[in-house]
Amino acid sequence: MSTNTEAWGSRVGLVLAMAGNAVGFGNFLRFPVQAVQNGGGAFIIPYLVSFLVLGLPLLMIEWASGRFGGQFGHHSTPFIMGSMDKRWLWKYVGVFGIFSNIAIAAYYCYIESWTISYIFHSLFGTFNGMDQHEVAGFFSNYLDVTTSTTGIPYEALIFFVLCLTLNTWILSRGLSGGVEKVAKIGVPMLIVFGVFLAYRGITLKAGHEGAINNGTVGLNFLWTPDYSSLANPKVWLAAAGQIFFTLSVGMGSIQCYASYLKKRDDIALNAMSAGWMNEFVEIVLGSAVIIPISIGYLGIDRVVELTGIGGLGLGFRTMPFLFEQWGPILSAIAGVSFFGLLFFAGITSSLAMGTPGMGFLMDEFNWSRPKAALAFGIVVLMLGLPTIFFFNEGVFDEYDYWAGTVSLVVFALLEAILFSWVFGLKKGWREITDGADIRIPLIYRFVIKYITPAVLILVFTGALIRPVNDDWSNLNPREWEFHNESIIGQLQHKGIGPNKTWFAGAFYSEADGRIDSVFVLREKHYIRVTRLSPGGEPASRDYRFNPERHTLSLNPGEEVEAGAVLYTGKVVNRIFYIDMARLLLVSLFLLISLLVYIAWRKRTREGRIS
C-alpha cells in the first residue's frame, strides 16, 4: 500500500500554494525585461492573449488531470497520465513531469541561494560604499565559487547547501505541515515587500537621493506601446514563453498538487484564483519595481542596454547599488525587501518542484515522506553542483534551456492532446466542471480542444526552426538559417564559435578586435580582446588562461581576427561542459523512465493497474 495519504489543510492554503508555485523569479526579473525588449506596452496584448488561450486552458487541464489521477491514488504525472489512457506511451510522456521539476530545481535552488546570500549582505552593509562596477564585480566574484567575496570560503556552495537543506526539511514536514504553512507566510510576505518597493519606485523624484528621473518615467517607458512590434512573430513567441515561465504549466507540479483534492472539490475557481493572483503580482508589482527604480537612477538608454544581460543581471548586478542611494538604513530595508521577495517567490516554487518526484517514490515504492524528501535533496545536490562549479562554462544555461524551456512546451503540447483528443473533451470538461464554484464559459470547450493545441504546435514549431535575426519573411527552406537559440540551432551548436572540439591544443579568439591587455584578477590570468560595438562603444571579452600550461601567441596591442590562435597548450573548451550537461539531463530522463517501468512491473505483479 502507498504511504501517501496526505491532503490539503485548507482551501486558502491550496490556492496560496498553487499561486506560490506560479509566482517566481520570472515575475520580477524576467517579465519587465521581456516587456522592454518586445514593444513595451504593446507586449501586454500578446501576453494577455497567450494567458487566455494558453495559460488558463492549461491550468484547467492540469488541475483536472491531477484531481482525476488522484482518485486512483496517483500523485505524479507518469501514472496520472497513465490513468487517462492505458497505452504505455503516456506513462513515459509523464516522465517529463518529474524530470523537468528535478532538473529545474538543480539550478533554481542555486538562484534561490543567491537571494539568501544577498539578504545577509544587505543586512550587514556589504554593499555600502561600493560603486556600480564594484557591485557588479561582487556578483561575478560570487559566481566564481573559488573566490571569497567576504572571507567566507566557497560562499556560493555553502548558501546552496543551506538553501537545499531548508527545502528538504520543509518538504519532509508534509503537504499541510510544511508546504502549505510556507505558502501562507511566503505569498503574503512577498506581496508586502513588493508593494513597499513598488511605492518607492513609483514615487522616486528627479534630483532627490541621486535620481535623475521620476519613477513614473520608467513606468511610462515600460508601458508606452510600440504597436509595430505586434507584427513580429518573435514578440508573440516571447509572450507565450513568458506564460510558461510565469504559470509553471507544463511542469507536472500543478497536477501533483491537484491530485490531493477530493473528487468533488472545486478546481475551476481555484485554478482561476491562483492564475489571476499570479498575473496581479507579475503585471502590477513586477513591472513597478526593477524598471522604474533602474531608469530613475540610470536613465532609459543605460537600462535598455542592461536588459540585454537579462533580469538576473539587473537584479543582482545593479539593484544593490541603486538601493545604496537611499542611505544605509533604508538601503538595508530595501535590500532585505527585494531579495526577501525573491526568496519567498523562489522557495514557494522550489517546494512545488519537489512534490512530483516525492509523490512518485511514496506511491510506487512506499517510501516515507522524510526518506523521499532526502532523496530529492541528494539528487538535486548532485545535479546542482555542476551549475555551481561550471556556471561560466554554460551548464546553468543548458539546464535552463532544455529543462526549463523546451521540456515545458513539449509536455504541455502532449498533455493538451491527451486531455482533449485521447481522454476526450467530453470527459475532460466534466472533470473541469464537477464541483465547480464558478461557471466556465462554454467557449473554453472550443479553446481547449482546438485553439490551445494549435497554438502550442505553433509555439513549438517556432522554437524549433526560429530563423536568424527572427526574420520570418523568407520562407525558402534552402535559404533558411537557424537562430542560435532555436532548438535546431542549439543541437547544431550554432554560435559556439571557433572552439568547436571538446579538447584542443590551442584556443582561438571568438571575435575580431585588438589585444587590449593581459592581466591578473583574483589570482587568475586573462587576455582581454576589445572591439567597437555597433553603437561605437568599446566592447571587451576576457579569455582565461593558465601561464603554466599555455603559451600566448599574440601580444598586447596586436590586432586579432575571430579564429586566430590566442594561446597554445591543452584546452578544455566550453562545448565539452555543454555536452556533458546535456548528457546529464538525458541520463536523468532515462533513469526516471527506468523507475517508471519498474514501478509499472511492480503494479502489474500486485494487481494494482488503474
Trainee: Using side-chain heavy atoms (C-beta onward) and a distance below 4.5 Å, is Glu279 in contact with Thr246?
Mentor: yes
Trainee: Scan residues 165-182 for pairs that pass salt bridge (Lys or Arg N to Asp or Glu O under 4.0 Å), counting only residues two or more places apart or in two chains.
Mentor: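 Output for this query lists Glu180-Lys184.
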Trainee: Give me the ring orientation class for Phe160 and Tyr110: parallel if the planes are under 30° apart, tilted from 30 to 60°, perpendicular past 60°.
Mentor: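 Answer is perpendicular, since the angle exceeds 60°.
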Trainee: Can you check whether Trp421 and Tyr450 have ring centres sitting under 6.0 Å from each other?
Mentor: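 Under 6.0 Å, so yes.
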Trainee: Examine Arg603 relative to Phe79 and say whether NZ or CZ is less than 6.0 Å from the centre of the six-membered ring and inside a 45° cone about the ring axis.
Mentor: yes
Trainee: Ser65 and Met84: which non-hydrogen atoms are nearest, and at how many Å?
Mentor: OG-CE, 3.6 Å
Trainee: Would Leu14 and Tyr260 count as a side-chain contact (heavy atoms from CB on, under 4.5 Å) here? Give the steps.
Mentor: CA-CA 10 Å; Leu14 166 65; Tyr260 292 97; over 6 Å; no
Trainee: Given the side-chain rings of Phe411 and Phe99, with only the six-membered ring counted for Trp, is the space between their centroids under 6.0 Å?
Mentor: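 No: the rings miss the under 6.0 Å criterion.
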Trainee: Provide the closest heavy-atom pair for Pro356 versus Asn101 in the form atom of the first, atom of the second, distance.
Mentor: CG-ND2, 3.6 Å
Trainee: Between Glu431 and Arg67 (salt bridge meaning N to carboxylate O under 4.0 Å), is one present in this structure?
Mentor: yes
Trainee: Less than 4.5 Å apart, any side-chain heavy atom of Ile80 and any of Phe68?
Mentor: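 No, too far: nothing below the 4.5 Å cut-off.
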Trainee: Taking side chain as C-beta onward, heavy atoms only, is Met277 less than 4.5 Å from Val187?
Mentor: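 The answer is yes, as the side chains (C-beta and beyond) meet within the 4.5 Å cut-off.
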Trainee: Under a 4.5 Å cut-off applied to non-hydrogen side-chain atoms, are Leu351 and Leu171 in contact?
Mentor: yes
Trainee: Can you see which heavy atom on Leu59 is nearest to which on Gly275, and at what distance?
Mentor: CD1-CA, 3.9 Å
Trainee: Output, in order, the C-alpha distance, side-chain angles, deciding distance and verdict of side-chain contact (heavy atoms from CB on, under 4.5 Å) for His493 and Ile578.
Mentor: CA-CA 9 Å; His493 290 302; Ile578 289 173; 3.9 Å; yes
Trainee: Looking only at heavy atoms, what is the nearest atom pair of Glu485 and His483, with distance?
Mentor: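 Looks like N-ND1, 2.9 Å.
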Trainee: Looking only at the aromatic ring of each residue, does the gap between the centers of Phe96 and Phe589 stay below 6.0 angstrom?
Mentor: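 Yes, the ring centres sit under 6.0 Å apart.
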Trainee: Kindly indicate whether the side chain of Leu456, heavy atoms from C-beta on, has any atom under 4.5 Å from the side chain of Phe244.
Mentor: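 Answer yes - side chains close enough.
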Trainee: For a salt bridge (charged side-chain N to carboxylate O under 4.0 Å, His left out) check, start with the C-alpha distance between Arg11 and Asp266, then their side-chain angles and the critical distance, and finish with the verdict.
Mentor: CA-CA 9 Å; Arg11 182 171 186 168; Asp266 166 80; 3.0 Å; yes
Trainee: Determine, using ring centers only, whether Phe360 and His75 are less than 6.0 Å apart.
Mentor: no
Trainee: Considering residues, nucleotides and ligands other than Trp472, do more than 12 of their heavy atoms fall under 6.0 Å from its CH2?
Mentor: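 Correct, the count exceeds 12.
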Trainee: Side chains of Leu89 and Tyr92: does their closest heavy-atom pair fall under 4.5 Å?
Mentor: no
Trainee: When the aromatic ring centroids of Phe339 and Phe316 are compared, is their separation below 6.0 Å?
Mentor: yes
Trainee: Do you know the tightest heavy-atom contact between Phe31 and Ser287?
Mentor: CE2-CB, 4.3 Å
Trainee: Apply side-chain contact (heavy atoms from CB on, under 4.5 Å) to residues Met251 and Leu408 and explain how you reach the verdict.
Mentor: CA-CA 6 Å; Met251 288 182 62; Leu408 305 191; 3.3 Å; yes
Trainee: Report the residues that fulfil salt bridge (Lys or Arg N to Asp or Glu O under 4.0 Å) with Asp397, sequence neighbours left out, ordered by chain and then residue number.
Mentor: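 None.
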Trainee: Are His74 and Ser259 packed together at the side-chain level, in the sense that at least one heavy-atom pair is separated by less than 4.5 angstrom?
Mentor: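 With C-beta onward as the side chain, the pair stays apart.
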Trainee: Are the side chains of Phe343 and Tyr118 in touch, meaning some heavy atoms are under 4.5 Å apart?
Mentor: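 A side-chain contact under 4.5 Å is absent here.
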Trainee: Check Ser253 against Ala352 and note the closest heavy-atom contact, atom names and distance.
Mentor: CB-O, 3.5 Å
Trainee: Taking side-chain contact (heavy atoms from CB on, under 4.5 Å) as the test, write out the residues that go with Ala375, two or more places apart.
Mentor: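 By the side-chain contact (heavy atoms from CB on, under 4.5 Å) rule, Ala375 matches Leu361, Trp367.
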